[in-house]
Amino acid sequence: MKILATTSLILLSLFSATAQSIPSKEIQIASALSAAPEEDRLNATVKGYDQSGILITLQQGSNKLICLTDNPKQEGFNAACYHEGLEVFMARGRELKAQGQDRGQIFQMREDEAKSGKLKMPDHPSALHIRSGPNGQYNPSTKKVENTTLRYVVYIPWATSESTGLPIRPLVPGGPWIMDPGTHRAHIMISPPKELQK
């Protein structure tokens, strides 16, 4: 009985710690939407976490933007909003990460699956907006995410420097460049300097 009681207390403590670490639905939605263009926030779909830490849909939207709130179990702040055409790609990445695959393994598995046609990548440029910062956090009094910056990504699978005319590194601070050229994950990176952001 003593072992059972001790086990029950441990499980209850773990559940309480998890429940306390998950922000409210309202905070999660506001945090996620901070990464979206203002004109798209009202009708965007938002994914976040229930009190057990499972990723769920918190808000069903009517436009083509899907926003993912900050993961409270990870250090810093990172919220992202992306075109719905990227959902299969993003979901597969989350699935592989949950299976314990590291970043390199995830890249290679999705690369192989995209080449074989198993993983459907968008056939048009698709945007990803990211708000992040190592000390970022949501401020309930201002209802804003603070200490973060925005960066923008446009996925263009299989594109190269030659096919786009973009350099493989930024030529000026915040200038566009192409990352992972020639792969399923080829994308344009744009990181505006912090001093130019709100």
Side-chain angles (χ1 to χ4, degrees), residues 23 26-48 59 61 63-87 89-90 93-94 97 102-104 106-107 110-111 121-122 124-198:
E26 292 72 25
I27 288 178
Q28 289 191 68
I29 290 174
S31 297
L33 293 177
S34 71
E38 288 189 22
E39 62 270 22
D40 293 325
R41 293 177 182 177
L42 182 62
N43 297 312
T45 293
V46 177
K47 293 181 181 289
Q59 172 178 293
N63 63 22
K64 295 185 179 296
L65 203 64
I66 298 174
C67 295
L68 186 64
T69 196
D70 176 59
N71 186 340
K73 295 181 181 179
Q74 296 181 352
E75 292 293 323
F77 182 92
N78 193 303
C81 295
Y82 51 86
H83 186 274
E84 64 181 7
L86 289 166
E87 175 60 7
F89 167 75
M90 295 293 184
R94 294 192 293 266
K97 186 175 182 180
D102 64 29
R103 188 172 182 177
I106 292 172
F107 177 92
R110 287 195 294 192
E111 174 82 352
M121 294 298 294
H124 51 75
S126 301
L128 165 68
H129 312 261
I130 304 167
R131 180 174 290 280
S132 63
N135 300 310
Q137 60 183 355
Y138 178 81
N139 186 331
S141 61
T142 63
K143 296 184 178 180
K144 292 184 177 180
V145 175
E146 300 175 344
N147 302 315
T148 58
T149 57
L150 279 165
R151 69 182 185 275
Y152 309 95
V153 174
V154 180
Y155 281 90
I156 43 174
W158 319 115
T160 64
S161 178
E162 292 75 17
S163 70
T164 62
L166 289 166
I168 57 173
R169 64 185 62 84
L171 300 181
V172 296
W177 58 289
I178 188 167
M179 186 175 184
D180 296 326
T183 72
H184 76 290
R185 197 172 175 269
H187 56 281
I188 301 169
M189 290 285 297
I190 305 170
S191 302
K194 186 175 181 179
E195 59 270 19
L196 298 181
Q197 300 191 35
K198 294 181 181 179

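What you are looking at is a predicted structure, and each value in this text was computed from that prediction instead of being measured.
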Hey, is CD on Glu75 packed in by over 12 heavy atoms from elsewhere, all under 6.0 Å?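 Counting neighbours around CD of Glu75, 12 or fewer heavy atoms of other residues, nucleotides or ligands fall under 6.0 Å, so no.
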First locate atom [atom1] of [X], then atom [atom2] of [Y], and finally report the distance between them rounded to the nearest 0.5 Å.
X	Y	atom1	atom2	result
Met179	Arg185	CE	CZ	5.5 Å
Ser126	Met121	OG	CE	8.0 Å
Tyr152	Met189	OH	CE	12.5 Å
Thr45	Asn63	OG1	CG	7.0 Å
Glu26	Lys143	CD	NZ	10.0 Å
Leu150	His129	CG	NE2	9.0 Å

Pick from Thr69, Ile29, Leu68: which one makes a side-chain contact (heavy atoms from CB on, under 4.5 Å) with Lys47?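 Running side-chain contact (heavy atoms from CB on, under 4.5 Å) over Thr69, Ile29, Leu68 with Lys47 returns exactly one hit, Leu68.
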Examine distances only and state if a side-chain atom of [X] and a backbone atom of [Y] form a donor-acceptor pair shorter than 3.5 Å.
X	Y	answer
Ser161	Leu166	yes
Asp40	Leu65	no
Arg131	Ser34	yes
Arg110	Phe89	yes

Which pair of heavy atoms, one from [X] and one from [Y], lies closest together, and at what distance?
X	Y	value
Ile188	Pro176	CG2-CB, 4.0 Å
Ser31	Val145	CA-CG2, 4.0 Å
Ala186	Pro181	CB-CA, 4.1 Å
Gln59	Ala44	NE2-O, 2.8 Å
Pro122	Pro157	O-CG, 3.7 Å
Pro193	Gly174	CD-CA, 4.1 Å

I want to check something: taking the side chain as every heavy atom from C-beta on, are Ile178 and Ile168 in contact at a cut-off of under 4.5 Å?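 They are in contact (side-chain heavy atoms under 4.5 Å apart), so the answer is yes.
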Quick one: are Phe107 and Thr183 in side-chain contact, heavy atoms under 4.5 Å?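 Yes, at least one pair of side-chain atoms sits under 4.5 Å.
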Criterion side chain to side chain contact (heavy atoms under 4.5 Å, CB included) on Asn78 and Ile130, from CA distance to verdict: CA-CA 7 Å; Asn78 193 303; Ile130 304 167; 3.8 Å; yes
Go through the steps to decide whether Met90 and Leu128 satisfy the test side chain to side chain contact (heavy atoms under 4.5 Å, CB included), and finish with yes or no. CA-CA 11 Å; Met90 295 293 184; Leu128 165 68; 4.0 Å; yes
For residues 163-175, which residue pairs qualify under salt bridge (charged side-chain N to carboxylate O under 4.0 Å, His left out), counting only residues two or more places apart or in two chains?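 For residues 163-175: none.
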Sequence neighbours excluded, which residues qualify as side-chain contact (heavy atoms from CB on, under 4.5 Å) partners of Ala79?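 Expected list: Ala35, Phe77.
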Residue pair Ile106, Lys97: steps toward the side chain to side chain contact (heavy atoms under 4.5 Å, CB included) verdict: CA-CA 7 Å; Ile106 292 172; Lys97 186 175 182 180; 4.0 Å; yes
Can you name the side-chain hydrogen bond (donor to acceptor under 3.5 Å, both in side chains) partners of Glu84, sequence neighbours left out?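 For Glu84 the side-chain hydrogen bond (donor to acceptor under 3.5 Å, both in side chains) partners, ignoring immediate neighbours, are Lys64.
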Please evaluate residues His184 and Tyr155 with respect to the criterion ring pair (Phe, Tyr, Trp, His ring centres under 6.0 Å), reporting the C-alpha separation (whole Å), side-chain torsions for both, the decisive distance (0.1 Å), and the verdict. CA-CA 9 Å; His184 76 290; Tyr155 281 90; 8.6 Å; no
